[in-house]
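Heads up: the structure comes next, in structure tokens.
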Amino acid sequence: MKSMRDIALTILLFCASVLAWEGIVRIFEVPTFIFPAPSKVAAALWNGFASGLYQKHLSHTLLETLLGFLLGSALGFFLGAAVALNRYVEYFFYPYIVMFQSLPKVALAPLIVVWFGLGLKSQVVNAALVAFFPLLVNTMVGLKSADEDRVSLMRSLAASDRQIFWMLRLPNALPFVMAGLDVAMIFALIGAIVGEWFGDNRGMGTLILQSLYAEDTVRLWCGIVACAVMGTLFYGAVVLAERRLLWWPAPALDL
């Protein structure tokens, strides 16, 4: 947990960064279309929320991100567990997983729109696809990291594979799984925003793209700031859940 001193220093550093941004823009008279002052971005954000513009787009992106995160995380965990615990699944599927992981996910977004159509469905699939791999890899690593001496000890006590999984492998893997969820949540947001560029007329990605075409740099920065705040809140929620779940000390590597 951060101390009050650390929190105060973080807030001061943020305020100093914003003030430096404002000062540089004003002193050097940087044109707004190149780099707007934070005061103008804040004013535009206030007006946008007052008019209800950002609520509509944020709620849509929020729904896409959460659904994509849940879908991608579930698939990543179950497939990662299957690969880690069954050597036949690992032998047949792991090469395809590595090959698919090497593909640029952004390049697949137009194809996903073709396959699943415009709207929510394709954006959820795109977000899930991006969130899938971090949890898959972390689940595999976490389940395989269980101390083999402890596994052998449980087998000598006639423990079944299911008991070994629930009592040893899964608790040992949870820190890895939670670390994968941290990354997967942010990736899901990125996947949803990128997917909106290709196949939606709502959401923060669409708003950012429209602002770019209209050369409205202030609204473009409003979208960027709103997405950054949303991502920070998502990350904080996962970290809070991690602190609630991982109440036991990390397992030692040596017996």
Quick one: closest heavy-atom pair of [X] and [Y], and the distance?
| X | Y | result |
| --- | --- | --- |
| A146 | L168 | CB-CG, 4.4 Å |
| A127 | A192 | CB-N, 3.9 Å |
| C222 | A44 | SG-CB, 3.4 Å |
| A82 | V89 | O-CB, 3.7 Å |
| H57 | G203 | ND1-N, 3.0 Å |
| I193 | C227 | CD1-SG, 3.5 Å |

Side-chain donor or acceptor of [X] paired with backbone N/O of [Y] under 3.5 Å:
| X | Y | value |
| --- | --- | --- |
| E196 | M204 | yes |
| E64 | L120 | no |
| R169 | L143 | yes |
| S51 | G48 | yes |

In the structure I gave you, are the side-chain heavy atoms of [X] and [Y] within less than 4.5 Å of one another anywhere?
| X | Y | result |
| --- | --- | --- |
| L181 | F69 | yes |
| H60 | T206 | no |
| L189 | Y235 | no |
| R155 | D161 | yes |
| E148 | V151 | yes |

Dump the intermediate steps for side chain to side chain contact (heavy atoms under 4.5 Å, CB included) on M185 and L66, then the final yes or no. CA-CA 8 Å; M185 176 57 85; L66 291 178; 4.3 Å; yes
Evaluate the side chain to side chain contact (heavy atoms under 4.5 Å, CB included) criterion for residues I97 and F133: first the C-alpha distance (whole Å), next the side-chain angles of each, then the deciding distance (0.1 Å), finally the verdict. CA-CA 9 Å; I97 293 172; F133 289 98; 4.2 Å; yes
One pair to check against side chain to side chain contact (heavy atoms under 4.5 Å, CB included): L207 and Y54. What are the steps and the verdict? CA-CA 9 Å; L207 184 66; Y54 293 111; 3.2 Å; yes
Hphob cluster co-occupancy, [X] + [Y], side-chain heavy atoms under 4.5 angstrom:
| X | Y | result |
| --- | --- | --- |
| L9 | L19 | no |
| M154 | W166 | no |
| V130 | V137 | no |
| V229 | F187 | yes |
| I112 | L75 | yes |

Rounded to the nearest 0.5 Å, what separation is found between the [atom1] atom of [X] and the [atom2] atom of [Y]?
| X | Y | atom1 | atom2 | answer |
| --- | --- | --- | --- | --- |
| N172 | K144 | CG | NZ | 14.0 Å |
| L108 | W115 | CG | CH2 | 6.5 Å |
| I208 | Q210 | CD1 | CD | 10.5 Å |
| L79 | Y94 | CG | OH | 11.5 Å |
| M178 | L135 | CE | CG | 9.5 Å |
| L62 | Q55 | CG | CD | 12.5 Å |

Are there over 12 heavy-atom neighbours, none belonging to F49, within less than 6.0 Å of that residue's CZ?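 Check passes, neighbour count above 12.
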Show every ring pair (Phe, Tyr, Trp, His ring centres under 6.0 Å) that has at least one partner inside residues 193-227, sequence neighbours left out.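 Listed once each, the pairs are W21-W221, F35-W221.
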Sequence neighbours excluded, every pair satisfying side-chain hydrogen bond (donor to acceptor under 3.5 Å, both in side chains) that has a member inside residues 117-139: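 Residue pairs with at least one partner in residues 117-139: there are none.
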Test log, rule side chain to side chain contact (heavy atoms under 4.5 Å, CB included), inputs D182 and V239: CA-CA 7 Å; D182 292 345; V239 170; 4.3 Å; yes
